[in-house]
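Both counts, for ligands and for their atoms, begin at 1 and track the order of listing.
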Amino acid sequence: MAEYLFDLRGVRKIYRMGEEKIVALEDINLTFEKGKIYCLLGTSGSGKSTLLNMLAGLEKPTKGSIIFMGKPLEKLNETQLALYRQRYVGFVFQSYNLLPTLTALENVTLPLTFRKVKKRERIQRAKVMLKAVGLGNRARHKPSELSGGQQQRVSIARAFINDPQVIFADEPTGNLDTRTTFEMMDLIIGIARERNQTLVIVTHDTEIAQYADQVIRIKDGAVESITERQAVLPGEADTKMTASIAEEIVENETENGGNENEN
Ligand code: ADP
Ligand code: MG
């Protein structure tokens, strides 16, 4: 039997705000495979970040199970969850989340600090990673001395330095202009493909979905459709987003295959 990287079974998330009950996710059943690029696509408030945070072990499902490489995440205690995040997971956030007092190089070495890698090796590896994201000459700069695009490059270097099993990117281009958006996507996709790493990108932007092997559309906390597609290669995205690609990503409900979640 094939072992999935993630296997989600009947995952629900309910937030309680006083009297009010908010169903953020209901009955999510999904599988994620190693080395594949996924896009969670949906409008604001549809539950994308909630789903990502549960995959990343930052939040627990109210019901259901998230099985990571054969082990249910909800059975882990806080210490084990922290280890899971350090060893297996890389993060890229919309707001970069760099530590402002540290240099670019120091920010990139951080995940290795938790793993007790020797200082010399940490610095060596961070330099290689910074070079890979095109910032070899910005290692000593603080985040405030870098543009938004450059800060996101630093955060991409930080996400990959640990050689994690999976990278979670929540609206990674949300604060960037159009040109920088495609540059950033080319970069992150290029590294993930080269290393055969799994990438889960959360976005409301259909243009971003071009890069994914599988587009999972989320609506009102449920999976609306799953589309398997031929992902574009780095540097080959349709930057004007022709109608045919948009249709392929968004309008597939009536087609065969891909759509496993018919309601
Ligand atoms: P998205 O990332 O797709 O914009 P979210 O996952 O952030 O959506 O939110 C899904 C729903 O859950 C929204 O209605 C949001 O208001 C609600 N929600 C998210 N986080 C919390 C929280 N910590 N407490 C209460 N409600 C929340
Ligand atoms: Mg969100």
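Listed by atom number, the atoms of ligand 1 under 4.0 Å from Thr43 heavy atoms are 3 (O). Taking every non-hydrogen atom of Met17 and a distance limit under 4.0 Å, the qualifying atoms of ligand 1 come out as 24 (N), 25 (C).
Of all protein heavy atoms, the one lying nearest to atom 12 (O) of ligand 1 is Ala24 CB, 3.5 Å. Summary of contacts: the protein heavy atom closest to atom 1 (P) of ligand 1 is Gly45 N, 3.5 Å. Here the protein heavy atom with the shortest distance to atom 8 (O) of ligand 1 is Gly47 N, 3.2 Å. Summary of contacts: the protein heavy atom closest to atom 7 (O) of ligand 1 is Ser49 CB, 3.8 Å. Shortest contact from atom 27 (C) of ligand 1 to any protein heavy atom: Tyr15 CD1, 3.3 Å.
Using a cut-off of 4.0 Å between Lys/Arg side-chain N and Asp/Glu carboxylate O, Asp213 and Arg193 are scored as salt-bridged.
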Kindly indicate, with the supporting measurements, whether the criterion side-chain contact (heavy atoms from CB on, under 4.5 Å) is fulfilled by Asp170 and Phe91. CA-CA 8 Å; Asp170 196 345; Phe91 293 97; over 6 Å; no
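Per-atom contact check: atom 3 (O) of ligand 1 touches the protein, criterion being a heavy-atom distance below 4.0 Å. Using a 4.0 Å threshold on non-hydrogen atoms, atom 15 (C) of ligand 1 does not count as touching the protein.
A 6.0 Å sphere centred on NZ of Lys63 holds no more than 12 heavy atoms belonging to other residues, nucleotides or ligands.
For the residue pair Gly35 and Thr198, the shortest heavy atom distance occurs at N-OG1, 2.9 Å. Closest heavy-atom contact between Ile28 and Ala222: CD1-CA, 4.1 Å. Nearest heavy atoms, Thr62 versus Lys13: OG1-CA, 3.4 Å. When every heavy atom of Ala212 is checked against every heavy atom of Ala231, the shortest pair comes out as O-CB, 3.4 Å. Taking every heavy atom of both residues into account, Glu207 and Gln210 meet most closely at O-NE2, 3.1 Å.
Excluding waters, the protein N/O/S atoms found under 2.8 Å from the Mg ion (ligand 2) are Ser49 OG.
For atom 9 (O) of ligand 1, the candidate residues are Val23, Val202, Asp220, Thr50; the nearest heavy-atom contact is made by Thr50. Here the shortest heavy-atom distance to atom 17 (C) of ligand 1, taken over Thr203, Asp170, Ile22, belongs to Ile22.
At least one side-chain heavy atom of Leu112 sits less than 4.5 Å from a side-chain heavy atom of Asn162. In this structure, the side chains of Tyr96 and Val154 stay at 4.5 Å or more apart for every pair of heavy atoms.
The aromatic rings of Phe6 and Phe68 sit tilted, their planes meeting at an angle between 30° and 60°.
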